[in-house]
Amino acid sequence: MNKDIFTSADLVNRADFKKGNGLLPAIVQHSDTGDVLMQGWMDKTALLATLELGLVTFYSRSKERLWTKGESSGNTLECLAVSLDCDNDSLLVMARPKGPTCHTGAETCWHDQFARPFLSRLGQVISSRKQDVYKGSISNSYTASLFKSGSKRIAQKVGEEGVECALAGATSDRDELVNEAADLMFHLMVLLEDQELSLEDVQKRLADRHGR
């Protein structure tokens, strides 16, 4: 965690713990994908521990003590930033998960697919198409056909779409640029999945570069 963000006690001092009888709701969001991971509660001590340790720490109402996410499972949440809402009575925590966040083994505690950002949902669909091909399932989907064609063909498609995207930009055809950019993004996601990577890996790399 970039501790420079928290060199002052301003965040803790502004937090209105009195309004919630000493506790504030804390929503945890994936810093790279935008997925909402979970919701917990923080008292002042939990917030201070989160900022100091760099690991998301809650006040457990059932255990009646501080609880660092993942202290038993190892599925911790690396805290990257914390912010307050306009009324200073709710916390938004940007974090990177180490392993699944939900106790069920799911990546997020919100299991409804529509609660996730579109690109994250699209990535899941692409991954499922790849699994269908590995399992030998019959699928007429275009995505499955790409995986069947092999890595070289997928990479070639990314190159073709990249050229078409550049041409649309060079001719200032804005509508075509959006179309070609969408095609490029889709095929790039297929290529990443083919190589056992994802947009999350790309976003993480960009965030790391931005941090430097």
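Please read these numbers as outputs of a predicted model, since none were measured by experiment.
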Taking every non-hydrogen atom, the tightest pair across [X] and [Y]:
X: A95; Y: L77; answer: CB-CB, 4.2 Å
X: E107; Y: L37; answer: O-CD2, 3.6 Å
X: H187; Y: V158; answer: O-CG2, 3.4 Å
X: F17; Y: V12; answer: CE1-O, 4.2 Å

Please indicate whether [X] has more than 12 foreign heavy atoms, meaning atoms of other residues, nucleotides or ligands, lying under 6.0 Å from its [atom1].
X: Q39; atom1: CD; answer: yes
X: K130; atom1: NZ; answer: yes
X: R174; atom1: CZ; answer: no

Do [X] and [Y] touch side chain to side chain, with heavy atoms closer than 4.5 Å?
X: Q195; Y: S151; value: yes
X: P117; Y: D35; value: yes
X: M189; Y: I126; value: yes
X: L92; Y: I27; value: yes

Decide whether [X] and [Y] are clustered together by the hydrophobic rule: side chain heavy atoms of Ile, Leu, Val, Met, Phe, Trp, Tyr closer than 4.5 Å, transitively.
X: F186; Y: L177; answer: no
X: L192; Y: Y134; answer: no
X: L48; Y: L66; answer: no
X: V93; Y: L23; answer: no

Do [X] and [Y] sit within salt-bridge range, that is, some charged N less than 4.0 Å from a carboxylate O?
X: D89; Y: K19; answer: yes
X: R65; Y: E71; answer: yes
X: D208; Y: R96; answer: yes

Can you confirm whether the side chains of [X] and [Y] place a donor and an acceptor under 3.5 Å from each other?
X: H30; Y: E200; result: yes
X: S141; Y: T143; result: no
X: Q124; Y: R121; result: no
X: T33; Y: S120; result: no

Inset, instruction - Please answer whether the main-chain N or O of T57 pairs with a side-chain N or O of T50 as donor and acceptor at a distance below 3.5 Å. - result: yes

Inset, instruction - Check for a donor-acceptor pair, side chain of K69 on one end and backbone N or O of L55 on the other, with a separation under 3.5 Å. - result: no

Legend entry - Intermediate values then yes/no, side-chain contact (heavy atoms from CB on, under 4.5 Å), S198 and D201: CA-CA 5 Å; S198 69; D201 296 296; 3.3 Å; yes

Mind checking the [atom1]-[atom2] spacing from [X] to [Y]? Nearest 0.5 Å is all I need.
X: H210; Y: Q203; atom1: NE2; atom2: CD; result: 14.0 Å
X: L167; Y: D173; atom1: CG; atom2: CG; result: 11.0 Å
X: L146; Y: I154; atom1: CG; atom2: CD1; result: 6.0 Å

Inset, instruction - Flag the pair F58 / W67 as yes when their ring centroid distance falls below 6.0 Å, and as no otherwise. - result: yes

